[in-house]
Amino acid sequence: MTKGFMFTTDAMVGLAAVIVITVLLTYPYSIEEGSEANISFIKQEVSSKAMTAYYQGQTADDITGLEPDNSDFNKFDFAECFILYKYDFDSATIYDQDPIIEQKYCMGKMALR
Amino acid sequence: MKKGQLVSLDFIMSLILVVLAIGLVMQISEIENYNFKDKELKDETQIIGKTAALNLINSSKTTCELVDVRDENKIISYMSNCLPEWAMPLADCGGTKSACKELDPYGTNNRAFKPILKLFLGLPENYSCYIKVTGGKASGNAELLSDCEGSAPALAKNVYAIDLNVMIHNEVIAASGKTLTVGKAELEDCIENGSGLINASCYLFPAKIKFMVWKND
């Protein structure tokens, strides 16, 4: 370093490295913040769609955007299932079967990019 | 640098850098402060809006009542995501909408419908709401009586908005305009044979509600 010269290449490289590391460390946090809102929205949407479908005697197959199970969940960034249990009196009394029938309404969504 | 010389080029440059650094730090802290306050307001609106939306479709003060076949005053359960339509004639309801809202909001006098009051949604005085119903009838849009605003906010900065799927019950019992009770047999019929859109003996109709909440300036 020349006498009286303040800025060296080392200092510049060091500064650049600090900036890059800071950005890399804070990036996952900024993504995390957004996904919380998305999960909350999907929870509300799936339960509201499932309840209205149930009142009309519809299954997940009858409703656009709903799936009857979670087998495709790996395709999505956010996914949620809402499960309703119906008690079928005839199953228990006439057919001697389990009267509790599980009805699943699932939904998956991709994150906005 | 000569002996006795106080101000060198390095000194001036470092002074400039220090001033710039202080300025930058102050600017960043000011922006951070503004962002924090903005986020605080946004978060508050989100939480209050989300709670209000949940109350709208789940609270016993706003939802349909599933009643016993033998006694319609005996409530079996409150039906989440089911709202009774406001079908009472104004003349029987105090003459005006505001009188109608105050008629019997707590149901102490065998009420006919449930007004959607900000109080029931858990909204503080300085918050406003907007409800728009699409569908909920065999044709046209069902009407709900609420003390929310008549139009969506034009200038509000932070608005919580959500689309909700609901069922609107609009079976009017006799001339009373009573729509809030759903008989167990009727619900079973709807589940078995479909909503009122395809089943004449079911009075539950699917509807979409656009619900907005914002803080008044």
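Model, not experiment: these values are computed from the prediction. So you know, we letter chains A, B, ... as the sequences are listed, proteins then strands, and number each from 1.
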Interatomic distance, CD@A:Glu45 vs CG@B:Asp163, rounded to 0.5 Å, equals 8.0 Å

- Task: State whether the number of non-hydrogen atoms from other residues, nucleotides or ligands found under 6.0 Å of A:Glu102 atom CD is greater than 12.
- Result: yes

Listing, residues 58-67 of chain A side-chain donor-acceptor contacts under 3.5 Å, not counting sequence neighbours, or none:
| from | atom 1 | to | atom 2 | distance (Å) |
| --- | --- | --- | --- | --- |
| A:Thr59 | OG1 | A:Asp62 | OD2 | 3.3 |
| A:Asp62 | OD2 | A:Thr59 | N | 2.8 |

Quick one: does B:Pro206's side chain get under 4.5 Å of A:Thr52's, heavy atoms only? no

key: Flag side-chain contact, heavy atom, 4.5 Å: B:Ile162 against A:Gln44   = yes

| said: Counting C-beta onward and ignoring hydrogens, is there a side-chain heavy-atom pair between A:Gln56 and B:Met167 closer than 4.5 Å? | reply: yes

OH/B:Tyr34: more than 12 non-hydrogen atoms of other groups inside 6.0 Å: no

Most heavy-atom pairs under 4.5 Å with chain A, out of B:Ala207, B:Cys82, B:Gly196, B:Ser80, belong to B:Ser80

Here the gap from B:Lys50 atom NZ to A:Lys43 atom NZ, rounded to the nearest 0.5 Å, amounts to 9.0 Å

Filtered by a 4.5 Å non-hydrogen cutoff, the part of residues 126-142 of chain B contacting chain A is none

Heavy-atom closest pair (A:Tyr55 atom, B:Leu204 atom, distance to 0.1 Å) is CB-CD1, 4.5 Å

What one should report as the nearest heavy-atom pair of B:Leu164 and A:Ser48 is C-OG, 3.9 Å

- Message: I'd like to know whether NZ of A:Lys104 has more than 12 heavy-atom contacts from other residues, nucleotides or ligands below 6.0 angstrom.
- Response: yes

So, the part of B:Leu197 with a heavy atom under 4.5 Å from chain A: the answer is neither

